[in-house]
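Heads up: the structure comes next, in structure tokens.
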Amino acid sequence: MSDENKPVVSNFIRTIIDNHNATKRFGGKVHLRFPPEPNGFLHIGHAKSICLNFGLARDYNGKCNLRFDDTNPVKEEDAYVKAIKEDIRWLGFEWDKECYASDYFDTLYEYAVRLVKKGLAYVDDLSSEEIRAYRGTLKEPGKNSPWRDRSVEENLDLLERMKTGEFPDGTKVLRARIDMSSPNMNMRDPVMYRILHARHHRTGDKWCIYPMYDWAHGQSDSIEGVTHSICTLEFEDHRPLYEWFLEKLEIHKPQQIEFARLNLTYTLMSKRKLLKLVNEGIVDGWDDPRMPTIAGMRRRGVTPAALRNFSESVGVAKSNSVVDVAQFDFAIREDLNKTALRAMAVMEPIRLVIEDYPEGKTEWLEGVNNPEDDSAGKRKIPFERELYIERGDFMIDPPKKYFRLAPGREVRLKHAYYVTCTRYETDSEGRVTTVFARHDPATRGGWSDDGRKVKGTLHWVAVNHAVSAEVRLYDHLFNTPNPGEARDDDAFYAILNKESLKILPDVKVEPVIAACAPGTRFQFLRQGYFCADIKEHSTERPVFNRTATLRDSWAKTKKKS
RNA sequence: UGGGGUGUGGCCAAGUGGUUAAGGCAGCGGGUUUUGGUCCCGCCAUCCUAGGUUCGAAUCCUAGCACCCCAGCCA
């Protein structure tokens with residue numbers, strides 16, 4: 001794997017681990033976990049976290065579990081569990097143990113009893129509104145609940161009865177007894193259990209009380225022997241609570257470490273908003289190629305290596321940042337340039353007739369499949385009198401630096417011949433319909449030994465061997481660099497890029513392109529990287545998704561003049 | 001003076017008192033090229049501000065400023 005030979009860039013988490021290893025805090029062990037909640041699909045932000053956790057485990061000869069944080073049955077589904085596992089494997093990682101927070105519900109309950117017995121947790125009868133009111137504000141301390149000083153016996157009894165389902169949802173909670181005047185809101189007697197008569201995707205109807213994140217997460221880490229619990233910045237304030245539970249319980253205490261989540265320009269990373277795109281049919285499901293989900297990127301044709309290299313390239317730090325999506329595009333191109341097969345496809349075809357080439361003749365010319373990789377071999381390409389070329393590759397009256405075809409101009413047809421434009425035909429509206437040219441038989445294969453230079457090289461497809469394919473050109477879903485900043489629905493709809501998908505129903509492609517298996521990646525010469533759609537492509541009806549464009553310096557010089 | 005964080009080039013990001021302040025992306029200029037692709041070469045910062053400590057500071061101290069997070073029985 002090319003991405004694993006690169007030198008590792010230092011980051012603050014590695015420094016922390018190195019220090020722990022040096023001081024033997026965890027006996028030299030490094031044990032991580034990736035803890036998704038199964039309530040949606042994984043996106044590129046999760047990919048960064050996956051690469052971080054599994055990558056650290058790999059580099060330190062440690063372990064990394066996959067743990068589903070399934071503590072909220074009303075939002076979680078088994079289908080998401082399945083999709084998440086598939087995505088992680090596709091990314092190229094394998095977990096040591098597959099765990100679920102729900103595996104620990106019994107232990108968690110025992111732990112809760114332990115805290116109650118120590119006088120460190122109590123059952124509160126306040127409503128959620130009252131709890132909020134009692135919590136105080138950011139600048140004012142909270143007030144103790146009137147139920148805060150119940151006896152251990154009463155708390156034990158009540159907790160047991162909460163568990164057995166005696167009370168309706170929302171009537172009671174178990175709270176940690178910490179400090180209602182703490183400047184850290186998380187320490188103001190946080191809720192540990194809420195009553196939820198809901199069916200859980202794994203434990204079924206066994207439980208009607210479910211642990212909150214803070215009560216479940218650290219203990220789960222501890223039970224699994226996790227040494228470094230990596231999470232995102234917003235949990236920084238939770239660390240004191242994370243540690244409080246573990247210290248009061250006197251069990252193994254991992255080190256929580258927070259890093260800044262990934263943000264990308266023109267990309268939405270909020271699961272809630274991505275769900276909205278799916279639910280409202282703005283995109284075609286979680287795996288729509290425009291989605292920043294791993295499933296969407298897979299379908300678009302992005303490679304696992306590109307995603308891994310990108311994750312590595314953005315680094316790990318604590319400052320909020322927004323990475324330019326161009327950096328991701330670079331990673332995609334970098335990998336695909338080395339691996340994608342080259343072939344020719346004409347997106348917007350016009351006819352090119354080689355006047356001096358015999359009718360009915362077909363030559364099978366040779367083309368290299370990948371100039372970056374000899375082992376990719378060569379293929380035969382049919383050449384005939386009538387070809388398709390790109391509409392944009394011919395101009396009646398070309399500007400200064402235009403290297404392509406124009407009346408009287410000579411260009412190279414890739415892998416074929418030098419041709420010189422003799423004339424052209426237009427329709428009643430003046431649109432070019434057919435271009436005529438003569439070829440130089442001595443340039444067969446696309447090369448002349450006489451030192452003659454041609455500036456332009458065009459891709460083409462023989463009319464009688466062309467296969468029609470559907471090509472989907474994707475662009476950013478949003479037309480603003482920071483779509484996450486949209487404050488309300490109106491703002492959200494306003495920034496949607498109406499041209500994020502353009503379908504070309506009749507692209508002319510080489511036979512080899514049409515014959516490929518779903519998921520095959522190509523570089524359509526001079527245009528970009530494309531991937532045969534994994535759901536809809538077939539030899540009968542070829543369908544390609546554009547993964548990325550090629551860098552286009554011509555577009556830049558064109559813009560400048 | 002609620003608490004917790006973060007500030008290094010357009011975007012990421014190394015740097016842990018002595019380095020010409022890494023590297024990548026983007027941009028710009030040039031070369032190579034049967035893809036206006038790739039590749040190659042070159043250019044592109046004195047580190048939020050102000051003081052201070054020191055022979056020497058992005059790194060230490062002081063005082064500011066800016067931005068992010070926290071008042072779910074979500075995670």
Side-chain angles (χ1 to χ4, degrees), chain A residues 7 9-11 15 35-37 39 69 71-72 74-75 124 126-128 131-133 135-142 169-175 182-188 190-196 209-210 212-214 216-217 231-240 258 260 262 265 271-272 312-331 333-334 337-338 342 344 367-368 371-372 401-404 412-416 418 443 445-448 454-459 523-528 549-558:
Chain A
V9 176
S10 160
N11 64 54
T15 305
E37 183 188 10
N39 69 343
D69 227 334
T71 56
N72 186 2
V74 309
K75 286 189 180 172
D124 196 342
L126 253 31
S127 68
S128 56
I131 286 181
R132 193 193 321 132
R135 189 149 35 218
T137 69
L138 295 178
K139 294 190 178 181
E140 301 157 34
D169 289 2
T171 53
K172 284 179 168 46
V173 290
L174 182 74
R175 290 229 251 171
S182 170
N184 181 342
M185 300 298 280
N186 295 302
M187 300 300 271
R188 321 246 259 230
V191 173
M192 295 165 63
Y193 277 113
R194 76 282 215 182
I195 300 173
L196 236 41
I209 57 173
Y210 290 94
M212 299 291 289
Y213 166 85
D214 286 306
H217 203 93
C231 60
T232 44
L233 252 31
E234 67 269 28
F235 292 103
E236 227 151 8
D237 285 348
H238 294 241
R239 189 171 0 108
E258 312 84 11
L262 173 70
T265 57
K271 261 199 215 175
R272 188 180 63 78
E312 201 67 46
S313 81
V314 297
V316 181
K318 298 196 69 158
S319 64
N320 287 310
S321 59
V322 184
V323 175
D324 190 337
V325 73
Q327 192 164 337
F328 182 47
D329 294 335
F330 173 84
R333 293 191 190 108
E334 183 186 41
N337 175 52
K338 290 181 297 195
R342 313 295 141 117
M344 298 191 284
V368 295
E372 309 293 320
K401 293 174 206 153
Y402 188 80
F403 303 157
R404 282 108 99 147
R412 168 169 39 237
L413 294 178
K414 181 81 176 176
H415 305 310
Y418 286 12
T443 59
W447 181 249
S448 173
V454 283
K455 288 200 123 178
T457 300
L458 310 190
H459 60 277
Q523 182 198 103
F524 289 173
L525 238 45
R526 303 207 298 136
Q527 313 205 74
T549 59
L550 248 30
R551 280 182 71 218
D552 187 357
S553 56
W554 164 236
K556 278 178 202 162
T557 67
K558 206 165 44 173

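Quick note: numbers below take in every heavy atom, side chains included, and nothing from hydrogens, waters or symmetry partners. Because the structure is a prediction, the values reported are computed rather than measured.
The nearest whole Å value for the distance from the CG atom in A:Leu138 to the C1' atom in B:A71 is 5 Å. Between the CG atom of A:Leu550 and the P atom of B:U38 there is a distance of 7 Å, given to the nearest Å. Regarding A:Asp324, its CG atom lies at a distance of 13 Å from the P atom of B:G10, rounded to whole Å. As a whole-Å value, the separation of A:Arg551 CZ from B:C25 C1' is 10 Å. The CD-P distance, from A:Glu312 to B:C25, rounds to 15 Å in whole Å. As rounded to whole Å, 11 Å separates atom P of B:G27 from atom CG of A:Asp552. As a whole-Å value, the separation of A:Glu140 CD from B:G3 P is 14 Å. Atoms CD (A:Glu372) and P (B:C40) sit 10 Å apart, rounded to a whole Å.
Judged by atom type and distance alone, A:Glu236 does not reach the base of B:G5 through any side-chain donor-acceptor pair under 3.5 Å. Side-chain N/O atoms of A:Asn184 and base N/O atoms of B:G4 include no donor-acceptor pair closer than 3.5 Å. A donor-acceptor contact under 3.5 Å is not formed by the side chain of A:Glu234 with the base of B:G5. On a pure distance criterion of 3.5 Å, no polar donor-acceptor pair joins the side chain of A:Arg132 and the base of B:G72. Side-chain to base pairing of A:Gln527 with B:U35: no donor and acceptor N or O lie closer than 3.5 Å to each other.
For A:Ser321, a side-chain nitrogen or oxygen approaches OP1 or OP2 of B:A13 to under 4.0 Å. Contact annotation: A:Thr15 side-chain N/O to B:U16 OP1/OP2 distance is not under 4.0 Å. Within the structure, every side-chain polar atom (N or O) of A:Arg412 is placed at least 4.0 Å from both OP1 and OP2 of B:U35. Regarding contacts with the backbone of B:G72, every side-chain N or O of A:Arg194 stays at 4.0 angstrom or more from both OP1 and OP2. Considering only side-chain N and O atoms, A:Ser553 lies under 4.0 angstrom from the phosphate OP1 or OP2 of B:G37. One finds a side-chain N or O of A:Lys556 lying less than 4.0 angstrom from the OP1 or OP2 phosphate oxygen of B:G27. Residue A:Thr71 places at least one side-chain N or O under 4.0 Å from the OP1 or OP2 atom of B:A75. Between A:Ser10 and B:G15 there is a side-chain polar atom (N or O) within less than 4.0 angstrom of OP1 or OP2.
Across the strands present, B:C65 finds its partner in B:G7; the criterion is a Watson-Crick or G-U wobble pair with both atom distances under 3.5 angstrom. Under the Watson-Crick and G-U wobble criteria, each requiring two contacts below 3.5 Å, nucleotide B:C43 is paired to B:G27. Nucleotide B:U59 is matched to nothing when pairs are restricted to Watson-Crick or G-U wobble geometry with both distances under 3.5 angstrom. Taking a pair to require two hydrogen-bonding distances under 3.5 Å in either a Watson-Crick or a G-U wobble arrangement, B:G2 pairs with B:C70.
Within the 4.0 angstrom heavy-atom criterion, base atoms lie near A:His415. Backbone-only contact: A:Asp69 has heavy atoms under 4.0 Å from sugar-phosphate atoms and none from a base. Within 4.0 Å of A:Pro371, counting heavy atoms only, lies at least one base atom of the nucleic acid. A:Arg342 comes within contact range of at least one nucleobase, with a heavy-atom separation under 4.0 Å. Within the 4.0 angstrom heavy-atom criterion, base atoms lie near A:Tyr402. In this structure, A:His459 reaches neither bases nor backbone, as no heavy-atom distance under 4.0 Å exists between it and the strands shown. Residue-level contact check: A:Phe328 touches neither bases nor backbone, having no heavy atom under 4.0 Å from any strand. Across all strands, A:Ser127 comes closer than 4.0 Å to base atoms (heavy-atom distances). Among the atoms of the strands shown, base atoms are found under 4.0 Å from some heavy atom of A:Lys414. Base engagement by A:Arg404 is indicated by at least one non-hydrogen atom pair under 4.0 Å involving a base atom. In this structure, A:Val316 reaches the sugar-phosphate backbone alone: every heavy-atom distance under 4.0 Å involves primed, P, OP1 or OP2 atoms, never a base. A:Leu174 comes within 4.0 angstrom of nothing in the nucleic acid, heavy atoms only. When heavy atoms are screened at a 4.0 angstrom cut-off, A:Ile131 is found touching base atoms of the nucleic acid. Among the protein residues, A:Val454 comes within range of no part of the nucleic acid, since none of its heavy atoms lies under 4.0 Å from any strand.
Listed for the A:Asp324 side chain is no donor-acceptor partner under 3.5 Å among the backbone atoms of A:Gln327. Using modelled atom types, one side-chain atom of A:Thr137 and one backbone atom of A:Glu140 make a donor-acceptor pair closer than 3.5 Å. Remark: the backbone N or O of A:Thr457 is paired with a side-chain donor or acceptor of A:Arg526 at under 3.5 angstrom.
Heavy-atom nearest nucleotides on RNA chain B were determined for A:Arg526 and for A:Asn72, and the one closer to the 5' end corresponds to A:Arg526. Both A:Val173 and A:Thr457 sit near RNA chain B, but only A:Thr457 has its closest nucleotide nearer the 5' end.
Between A:Glu236 and A:Lys318 there is a salt bridge, since at least one side-chain N of the basic residue sits less than 4.0 Å from a carboxylate O of the acidic one.
A distance of 4.0 Å separates NE2 of A:His459 from CD of A:Gln527, quoted to the nearest 0.5 Å. For the atom pair NZ (A:Lys558) and OG (A:Ser553), the distance works out to 11.0 Å, reported to the nearest 0.5 Å. The distance from atom CG of A:Asp214 to atom OG1 of A:Thr71, rounded to the nearest 0.5 Å, is 10.0 Å.
Annotation: side chain of A:Arg175 is not in contact with side chain of A:Met212 (no heavy-atom distance under 4.5 Å). Considering only heavy atoms from C-beta on, A:Leu413 stays 4.5 Å or farther from A:His415 through its side chain.
Where stacking is scored as ring centres under 5.5 Å apart with planes under 30°, A:Tyr213 does not register as stacked on the base of B:A75. Remark: ring of A:Phe330 does not overlap the six-membered base ring of B:G24 in a stacked fashion, as centroids less than 5.5 Å apart with planes less than 30° apart are not both met.
Spacing of P atoms, B:C11 relative to B:U16, comes out at 24 Å, to the nearest Å. For the P atoms, the distance from B:G5 to B:C39 is 42 Å, rounded to whole Å.
Annotated as syn: B:G72, whose glycosidic dihedral is within 90° of 0.
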